[in-house]
Structures are given as C-alpha cells and as structure tokens.
Amino acid sequence: MEYNHREIEAFWQKYWEDHGTYKVSNVSDRPKYYVLDMFPYPSGAGLHVGHPLGYIASDIFSRYKRLKGFNVLHPMGYDAFGLPAEQYAIQTGQHPAVTTEQNINRYRSQLKKIGFCYDWSRELRTCDPKYYKWTQWAFIQMYNHYYDLDAKKARPIADLIAEFEQNGNTKINAAHSDVPEFPAAVWNGMEDSERNSVIDAYRLAYRAKTMVNWCPKLGTVLANDEVKDGVSERGGYPVVQKPMEQWLLRVSAYAERLLEGLETIDWTDSLKDMQRNWIGRSEGCEMYFEVADSDVKLKIFTTRADTVHGVTFMVLAPESDYVRQVTTPECRDAVDAYVAGAAKRTELERMSDTHSVTGQFTGAYAINPFTGDQIPIWVSDYVLAGYGTGAIMAVPAHDSRDYAFAKKFNLPIIPLIEGADVSQQSYDAKEGIMMNSGIFNGLDVLTAKKKAIDEVERMGIGNRKVNYRLRDAIFSRQRYWGEPFPVYYKDGHAEMLPLDKLPLTLPEIDSYLPTEDGEPPLSRAAGWQTADGCRYETSTMPGFAGSSAYYLRYMDPDNDEALVSKQADEYWQDVDLYVGGTEHAVGHLIYSRFWNKFLYDLGYVCKDEPFRRLVNQGMIQGRSNFVYRIKDTNTFVSAGLKSQYDTTELHVDVNIVKNDILDIDAFRAWRPEYNNAEFILEDGKYVCGYGIEKMSKSMYNVVNPDNVVEDYGADTLRLFEMFLGPLQQSKPWDTSNIEGVSRFLKKFWRLFFNGKDGALNVSDDEPTESELRTLHKTLKKVEDDILTLNYNTAVSAMMIAVNDLTSAKCNKRKVLEPLTIALAPFAPHITEELWKQLGHDTTICDAQFPQVIEKYTVDDTKCYPVAFNGKTKFTLDLPAGLDKDGIEKAVRDNERFQKTVDGKTIVKVIIVPGKMVNFVIK
RNA sequence: GCCCGGAUGGCGGAAUUGGUAGACGCGCAGGACUUAAAAUCCUGUUGUCAGCAAUGACAGUACCGGUUCGAUGCCGGUUUCGGGCACCA
C-alpha cells in the first residue's frame, strides 16, 4: 500500500467531523487544559504559510495533552472588526460584513485542511452581535465602577456616591481624573449635572479630550501607521494633532496590579520586561513651581527631587494648557507659531528625533522653590503632554535632553555633583556627592533624593508620588467597522443603555466615509438614536475591545445570559498555554490582562491573570527570487553571469522557481511582456538570485498553505513548519527543504508496509535491546521537547529513530505502535491511518502517550573527549559510572595519551565525570 | 531615539547548567538499481594547508577585547538585521 496523503487526509478529516472527535465538554472527570491561539484578523489575502506556525505548535501541544489524559479546550475564532475591511468598503461599497464573512469562510476552509483539533462548535467572531453584546456589557460595567486604590479593586459607583455623601472626596483614595477637593456639604448642595461631572471623573470608562492625528482634507482621524512624514499615506494630505473628546478606559488604575501580576505568570523575561517598561513605574515626587506675577502654579513630576537646586528653566509641552496660561502678550505670536509647528509632528517623530533641538520662550518666569531664583519658562516638543503633567523642571547639568536644550538657548548649567564635568555633556549618573545644593551639600545622591522629597513635603509644595508611563487607553475610534458604544446622550451627558437593550447593533449606512463636516460614519445612519430621540454615540470601539475577553467566551460561547457561566469559568479557569506573535507583547496583552482583572474584581471570573504560560512564535519570512534583466532589453541573464552585464533586479514569483532554477515556460506565461523574453543561461539553466524579505504580495514570495497541502499533504506541512527551526525565532520559508520531512513520512510508512506488494507487515516478535533503546530514547526526547515546545529537535529525533529502525529492518508492533502515538500530535492523519491498520477501531487521539522506560534511555558507556589545553585530541569509551580516579587511570594507560604528552609536563588535570577530560601541558 | 530579540557551513538549523562545534534536513558531488527516468538506497560534503591514503596541522560560531584549564553560551564595547513604541491587528 502506497502512502497517499490526499486520500488519507480527506478520509480522516471527514471522520473527525462526523464523529465529533474534537468536540469538548465543559463537564468532565479529566483534568482540564486550555490551549489558546491568538485569533487571526481574517484579511482578504487569505492565510500564508506564516500564519499556521503558532497554530500548529499549539495543536501539537493540545493533542499531546489529550494523549496524557487531559480534557483539552482548543478553540479558534476571528478578530473580525478592523480597518482593512472598512478601507475595502470605502473603495468598493461592499459592506464590511460581507467581505469579512467571505474572508472568514476562506480562513476556516484553509485551517480545516491543516488538520487542527479545534472544537469548531465554539468558533466565534468579534463582529457577531451575540459576541459583542458582551463587549458592550463589559464597557457598561466599567462605566459603572471606579477603582479604590486602598482596597486595590474596582467598586460600584454607588459606593462612591455614598462616600461623597459622608465625606465628600477628601478621604477617598481612588483613581480619578482632575477634580477639585470638596467636603460632603458641598456634594450635598450640588446640582445633578455638577454631581454627574464629578462622578464621571472617577469612572473606569470616562470621556476626556485627547490628541488625535486629524487630516482635515480626508475629514478623518488617522492611525499612526497611516501617517508618513506628517502627511496622510493615502493622498499625501497634511495631518495635524488635534484635541478630540473621546472615551477612555482607566487602565492606569490597574498599573500596580498589572506589574505585580507579572511575578505570578510563566512568560519569558523579555516579554515581562517589555510590559514592565510599558507600565513604566517610577518613584519620585509631584511638586508645584509658582509662576512670578501670576496665580498659576506649574505641577511637575520628577524622580530627581535632589536636583531642584540645579533647575535653571522650566519646559512645557506644546499641547499643555499651561502654555496658554503663562505666555506673555509679547511672546504670544512666537509661541503660537511654535505650538502650531509642533502639532504637525507625531509623538513618535518627536521621541525619535533627539538631534534637532527646538523651543520657544513664553516670556514668563517660574520661581525655584529651593533657591527663590526666577527661571524662564520655555515651550519645547521634547516634553510630551501624555506623560507626567506635561511640564518639567529642567536640570541641564544632569539630564542630557535638558543639557542639549540649555546649550542651544544659552541657559545656565549648574553642576550639583562634586567632580562632575559638565562642560561637554551632562552627568546623568545617579551617584556622587552633592554640592551647590544648600542643605543637601555633602550628601550622596540617594540620601539627598529622600531628604529632598521630605523637604518638599515639609514646605507643603508637593508630595511623594509613584508615576506610571502607562496611559489610559483611548477607546473611541472615528470608524464604522467596530463595536457601537451602548451609549446615548441626554442633555449633553453620556448615559448607558439598559442591559436588556443589548446588543446595540451596527446600523446600515449609505457610505463608510466620515461626513462632510468630519463626523464619524455612524452619524450618517438614519435614526441612530433612542426611542425618545437621544442620539447614540457615533464613534465605535477599537480593535482591542473584542480581543480583550475572547478567551473567556470560548469557554461558553452560546451563553445568552452571561459572558461566561460560573460553572464554565470555574471548570476552565484560565488559559494554560497561549501562543501568539510578539507584536502583541504590549497592546493586546496589557489590555486583556486589565480587562480580566476588572472582571475578576466584579466576581465574574475566578482568576486574576488570564494567561498562565505564554509563548511567542517567530515570524516566517519570505524568500524572494530575482531575475536579472539586461537594461533596455527583454533579455534575462542567469544570476552567475549577471556581473558581466548592466542589469535590473526584478522580483519573480517564487511559485515558478524550484531550487532557484527558473521555469522558463512558466515565466514567459506569467506576464504578457515576458512572452518573448530571451535568456542567457548557465549550464542550460536559468539560476535566480534570492533574498530574505517580509512575506508579501508585492515581493511575489507568498506561499499559500493550500498548495503545499495539495502537493505534500497537511502532515508534511505541519512537520515542516516545526522542523524549520525554533518556534520563537523568525526564519525564512524555503519550500525546497520540504523534501526532507516528506521523505521521512514515506520512510515511516514503509516500516509498516514492507511486505510483498507493499502489504502491511508488522510482526509481534519481542523487540531487541537496541530497538528498545531507540524507542525509549526517542520517546523521552520527543516528550521533553514537546513540553518545552522545541519541536524542531523532536522531529529530528523521530527522523533518527526511523533511520535506525529502517537500517535494523525493524517492523515490530511493540516498537512501531508507541512511536506512532508519539508522532500523532505532529502528523495526525497518517498516524490515524496507521493506527487503524494496526487493528484499532477508535481514534488515536484517545490513545495513551507511551510510558518512557528510563533504563533504556541511559547508556552504560560514555565516549569521553580527551583534551590537551582545551583542544580535543582523541576520544575514549569508558564505563558510564567510572569515577574521577578511574577515568584518569584509564586515560593515562592509553597509548594515544603517551603519544600526545610526549615528554611535556602536565601542569593540571581537569576531569568532570560524565562530561570530559582536560590536561594542561607545557 | 527608547524597549525587546537575533547573527553558527552553500542553505534551514543542532549543541542539558561553560565541557567533542556543525546532530537532523535541504542542496551539491560520486556510486548502486534501471533500456532510461522517477522513486529508493549507499558514500562524501566548514575552510585552508600537507599526504597516494588512513590521517594530520592550523583557522573557525557577526566584529573587537576580557574572564576561564576550557567560551557559540558569561562580562565590556561595536556592527547589523527584525519586532514594538499607545488609531494596523
């Protein structure tokens, strides 16, 4: 019987579907295991071979866990809202729901061909109203809660109101936006509208003005990656920073818990570092600088209170409200011009550009609280409005950015640390002995820092504060294809829809563009208002809204009463293994942790952290092929000869190139202009050049998994993707290497079918010691590698085993059957077929992973490398258990030892039993 | 600019914790089988030098330096490629 991947894979995919092999129940005696993939955005281009990499990895893990007796939840769905579908709708008029549906169907059929063990009955998509009902529900919950910093959890707004009635806001320690202090009496005397605006400042979902990339010509807000060099990518129109009223989520309230939670989860250190950096905790103090001849006080945050004596000027962010408040009439025009100029640059440009120093004097002076000196207040775009308070105290002697600014504008630089030479550059190190610092002189920096904050607090001009870089998440998008907010406006105040009115579904509109006057697309919808005429919110939610709690929904996808039932949540608890790309290291993974913690506070979920173990898969890069056209001709020269001509390098479709040899007929047929192309060949072949680039349509290097499955089979594709290299690393795709794993599967198959006419020929004889060694060493390696997700070496180990068993002509059931089970997670179709051929009538998924017998995995001899001065000269087989002295004696007795030493003196002997031997000789 | 990750033969990569660098696979070269091809199998394959050969010497894990009996792995510095930087998802 020949190995026919097409028949076998079609048969078993149908079998799995007919028998519900991968359907998972929420009720089971077996322990649970939850393996999750980051769900894809279903783009119009379909899957390329890079997408399934992580899915295959998690699929192998899921299948392995099932073989080990776990009840495994392994679902798939679609992150279905997003910009590309909307852009396509703008261009073609097609409703995004229609194209999204088509794309999803394509994705599903592509995924099904690869033989994943997904429970497809749990498939979900974020654009389904039954799904986004719960996204809207969560938003309403956030609106109805505030964060109690003492209790370290979210609490209902009703509790807050009760507190206000008792004590005003003087005692409460809660996360909030700027709001003045008031006692209970003032609260109790407030109008409803005043109360509303106070409460709104405490809600976890709230409204505030934030900066957006506004493109007046397109009448729309642009994403950062739609802006290039200050103009829109589409059309090249100018883009400015403009404040806009938006919904925000108070993620910053959870900063400390998001940080602490990292200690409890099994993620890589680099990923945790990125999250820590994103959260950006810094301890320091918040303090006020008075402005001369004004009531304005500048609030600043500093981690270096010890350097206040060296503050020689202040700098405001161009967007800061302070700019308007302090600028003197004489300077107004210049400042306005500067602010307008800064508005043209994105935040990223401003952060990246540390070379050009720009700024403008406001005409106003602040008073240094320690020295009493008057210091000028400047505006500069190196201060960002979004971080801290949008104003800084500048210490040019000890901060490099302040230093560059002071040099440029001739501002004084006062060194505060003994021995610090600040004639060429600032002294940024946080160590040394203080000078020029009044009462802090002679102290070391650390002590001075503490004492300075004490002094600030004593003077009543500020207090200790922990600051976070983590900003509240802007939750509004001026787009159509997203979740509508369950919000309407009554008398100018935002109100939530009652829960029984959810979901609020997306309305139909006649065009997906913003309106003439720059309103979001939803404002085009007729009747976009409540029954009593209050208009609904017209912006929609961002991409991360739908992806923040989807892992919970998979647990209980059809529940209309709750996001997830108590029973389902308590059974599945959390994601045991989460596999996805490193591009989500901060965005998605911060927001969903926040979302989960919030739901945890409210008692809807039982785990504080959603993703126990997380692994990032690397990217698969494209391997592009090039042809070389001689300039001004239609003649192409082979890569080896191109240096003899003046050529243009052109991309050629990798699908008409094999092993870098161009299929000339296919090339001529590829495009009309190449019909009559001429070729200069080497050895009768046209050799293409190659390069590693991103896999993308425009590089003609996209490889579609459907073609690979058709030609080689899903099992080969799965093995090959894993064999490419370490899961976490990015690596190029080169289809020609696939032959190796393809041959491996055929060879494995032949171990069973080596009888007459290829009939099944498996013997029931007892295996030899050596065969058992091969088997158990392989099982051990494969199992270890699966647990660490080192699948590339697991595949190698199985190749070695098959090579060994082929040489030994081993066809024994007691060896082949366990090996088949070990291969099953990697290559599910072929192993199902072999399992059946071996006489089993149930799926191999319900087999048990074979038990490793340790005694067959350890060798009784060790091949010792014998090195002299660290260089291995020869090797020696010795009994594995031999001790140091025994090893040394055996080595010294060896003739090659005498030959190598050859009269030289032995200075030192290093023997590590089980490892190596090294002699230092002179 | 800031944060994170990577760099090993012609190519993808391997190398428990600092202990034989190049497993496994591709490609290539030679051979067997075949009328021939495909498929399959066998042998060789880091470089340089020496040798008819078995083999031996030297160099070698991006670059420069350090620690160590011993470094692909640790430390300091550099180059370069990739990811992220808050409205792509």
Side-chain angles (χ1 to χ4, degrees), chain A residues 38-41 43 79 81-84 87 212-213 221-227 246 251 268-274 276-278 280 347-355 386 401 469-474 476-479 542-544 546-547 581-588 590-591 616 618-619 621 623 659-660 690 692 694 720 723-726 728-734 736-741 743-744 746-747 750 784 790 792-793 795-800 803 806 863-875 907-910 912 914-921:
Chain A
M38 289 187 186
F39 62 171
Y41 174 78
S43 84
D79 191 8
F81 278 129
L83 258 188
Q87 301 282 23
V212 296
N213 299 314
V221 176
L222 296 178
N224 280 340
D225 70 340
E226 294 177 295
V227 183
Q246 313 242 48
V251 179
T268 60
D269 286 336
S270 67
L271 187 53
K272 288 184 185 180
D273 272 356
M274 277 197 257
R276 284 193 192 102
N277 191 259
W278 182 266
E347 200 169 288
L348 183 57
E349 284 171 337
R350 284 167 55 178
M351 283 190 296
S352 305
D353 181 7
T354 50
H355 300 296
R401 288 159 309 176
R469 206 179 71 97
L470 181 70
R471 303 206 289 253
D472 288 343
I474 302 171
S476 304
R477 299 290 182 269
Q478 282 64 45
R479 312 283 185 189
F544 67 84
S547 58
T582 168
E583 66 271 24
H584 300 288
V586 279
H588 161 61
I590 286 273
Y591 296 131
N616 289 125
M619 299 230 314
Q621 297 151 315
R623 187 179 186 278
N659 294 339
D660 289 336
Y690 71 89
I692 306 302
K694 222 185 167 107
F720 183 50
F723 187 62
L724 277 180
Q728 288 90 338
Q729 242 171 57
S730 53
K731 55 242 161 186
W733 178 275
D734 184 359
S736 48
N737 284 337
I738 204 170
E739 292 292 345
V741 285
R743 284 172 198 157
F744 160 70
K746 288 183 199 158
K747 235 172 142 172
R750 277 200 301 272
D784 287 352
N790 288 317
N792 54 329
T793 47
V795 176
S796 297
M798 289 188 285
M799 286 176 167
I800 293 169
N803 288 344
T806 302
C863 176
Y864 279 94
V866 181
F868 293 84
N869 296 334
K871 280 180 188 163
T872 304
K873 292 296 175 187
F874 58 90
T875 58
V907 183
K908 196 172 177 184
V909 183
I910 297 119
V912 183
K915 293 270 188 212
M916 46 63 72
V917 179
N918 186 23
F919 292 89
V920 184
I921 56 175

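Heavy atoms of A:T875 sit under 4.0 angstrom from at least one base atom. Counting non-hydrogen atoms under 4.0 angstrom, A:T872 reaches the backbone sugars and phosphates but no base. Among the atoms of the strands shown, only primed sugar atoms or phosphate atoms (P, OP1, OP2) are found under 4.0 Å from some heavy atom of A:I800.
Only the P atoms considered, B:C3 is 13 Å distant from B:U78, to the nearest whole Å. Rounded to whole Å, the P atom of B:A15 lies 29 Å from the corresponding atom of B:U68. Spacing between B:C26 and B:U16 at atom P, rounded to whole Å, works out to 24 Å. Across B:A29 and B:G13, the matching C1' atoms stand 22 Å from one another, rounded to whole Å. Between B:G5 and B:C64, the distance separating the two P atoms is 24 Å to the nearest Å. Using C1' as the reference atom, B:A14 and B:G66 are 28 Å apart when rounded to the nearest Å. Nucleotides B:A38 and B:G30, compared at atom P, are 14 Å apart to the nearest Å. With P as the reference atom, B:C69 and B:C11 are 36 Å apart, rounded to whole Å.
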request  = Test A:R743 against A:M799 for side-chain contact (heavy atoms from CB on, under 4.5 Å), laying out the working first.
outcome  = CA-CA 10 Å; A:R743 284 172 198 157; A:M799 286 176 167; over 6 Å; no
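A search for ring-ring contact (aromatic ring centres under 6.0 Å, His included) contacts involving A:F720 returns A:W733, not counting sequence neighbours. Taking A:S736 as the reference, A:N659, A:D734 meet the side chain to side chain donor-acceptor pair (under 3.5 Å) condition, with sequence neighbours excluded.
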Pairwise N/O distances under 3.5 Å, protein to nucleotides 57-68 of chain B:
unit_1, atom_1, unit_2, atom_2, d
B:A59, OP2, A:K871, NZ, 3.4

Polar atom pairs between nucleotides 84-89 of chain B and protein, under 3.5 Å, N or O only, would you list them?
unit_1, atom_1, unit_2, atom_2, d
B:A86, OP1, A:N224, ND2, 3.4
B:A86, O5', A:N224, ND2, 3.2
B:A86, N6, A:R469, O, 3.0
B:A86, N1, A:R471, N, 3.0
B:C87, OP2, A:R477, NH2, 3.0
B:C87, O4', A:R477, NE, 3.0
B:C87, O4', A:R477, NH2, 3.4
B:C87, O2', A:L222, O, 3.1
B:C87, O2', A:A223, N, 3.2
B:C87, O2', A:N224, N, 2.9
B:C87, O2, A:R479, NH2, 3.2
B:C87, N4, A:Q246, NE2, 3.1
B:C87, N4, A:Q478, OE1, 2.8
B:C88, OP2, A:D225, OD1, 2.7
B:C88, O4', A:D225, OD2, 3.2
B:A89, OP1, A:L83, N, 3.0
B:A89, O3', A:D79, OD2, 2.4

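Annotated as anti: B:G12, whose glycosidic dihedral deviates from 0 by more than 90°.
Checking side-chain atoms of A:T582 against main-chain N and O of A:A585 turns up no donor-acceptor pair under 3.5 Å. Side chain of A:K747 to main chain of A:N803: no donor-acceptor pair is present (N/O by atom type, distance under 3.5 Å, no hydrogens or angles). Between the side chain of A:N790 and the backbone N or O of A:P726 there is no donor-acceptor pair closer than 3.5 Å. In this structure, the side chain of A:N918 engages the main chain of A:G870 through a donor-acceptor pair within 3.5 Å. Listed for the A:Y864 side chain is a donor-acceptor partner under 3.5 Å among the backbone atoms of A:G914.
Atom CG of A:L83 sits about 9.0 Å away from atom CZ of A:R477, to the nearest 0.5 Å. The CE atom of A:M274 sits 7.0 Å away from atom OG1 of A:T268, with the distance rounded to the nearest 0.5 Å. The distance from atom CE of A:M798 to atom CZ of A:F723, rounded to the nearest 0.5 Å, is 10.5 Å. Atom CZ of A:F874 is separated from atom CZ of A:F868 by 5.0 Å, given to the nearest 0.5 angstrom. With rounding to the nearest 0.5 angstrom, the CZ atom of A:R623 is 4.0 Å from the CG atom of A:D660. Taking CG of A:N869 as the start and CZ of A:F919 as the end, the distance is 11.5 Å to the nearest 0.5 Å.
Nearest nucleotide to the side chain of A:R750, out of B:U20, B:C69, B:C41: B:C41. Checking B:G27, B:U20, B:G25 against every side-chain atom of A:E739, the shortest atom distance belongs to B:G27.
Proximity of A:E226 to A:N213: side-chain heavy atoms (C-beta onward) are nowhere separated by under 4.5 Å. Using a 4.5 Å heavy-atom threshold, the side chains of A:E583 and A:M38 count as separate.
Remark: C1' of B:A71 and CD1 of A:I910 are 14 Å apart, rounded to the nearest angstrom. Per the geometry, CG belonging to A:D660 stands 13 Å off C1' belonging to B:C28, to the nearest Å. In this structure, CG of A:N616 is placed 10 Å from C1' of B:G83, rounded to the nearest angstrom. Straight-line distance from the CD atom of A:Q621 to the C1' atom of B:G5: 12 Å, rounded to whole Å. Between the CG atom of A:D784 and the P atom of B:U17 there is a distance of 12 Å, rounded to whole Å. Atom-to-atom, NZ of A:K747 to P of B:C24 comes out at 11 Å; the value is rounded to the nearest Å.
In this structure, A:S736 and A:T806 both approach RNA chain B, and ranking their closest nucleotides by distance from the 5' end singles out A:S736.
Close to B:G27, at under 4.0 Å from its OP1 or OP2, lies a side-chain N or O of A:R743.
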key: Summary of protein contacts for nucleotides 8-16 of chain B, nucleotide by nucleotide, where a base hit scores B, a sugar-phosphate-only hit scores S (4.0 Å, heavy atoms)   = ---SBSSS-
query = For RNA chain B, what is the dot-bracket line, given that a base pair needs Watson-Crick (N1 to N3, plus N6-O4 or O6-N4) or G-U wobble (N1-O2 and O6-N3) geometry with both distances under 3.5 Å, and | means paired with another strand?
reply = (((((((..(((......[....)))((((((.......))))))(((((....)))))..(((((..]....))))))))))))....
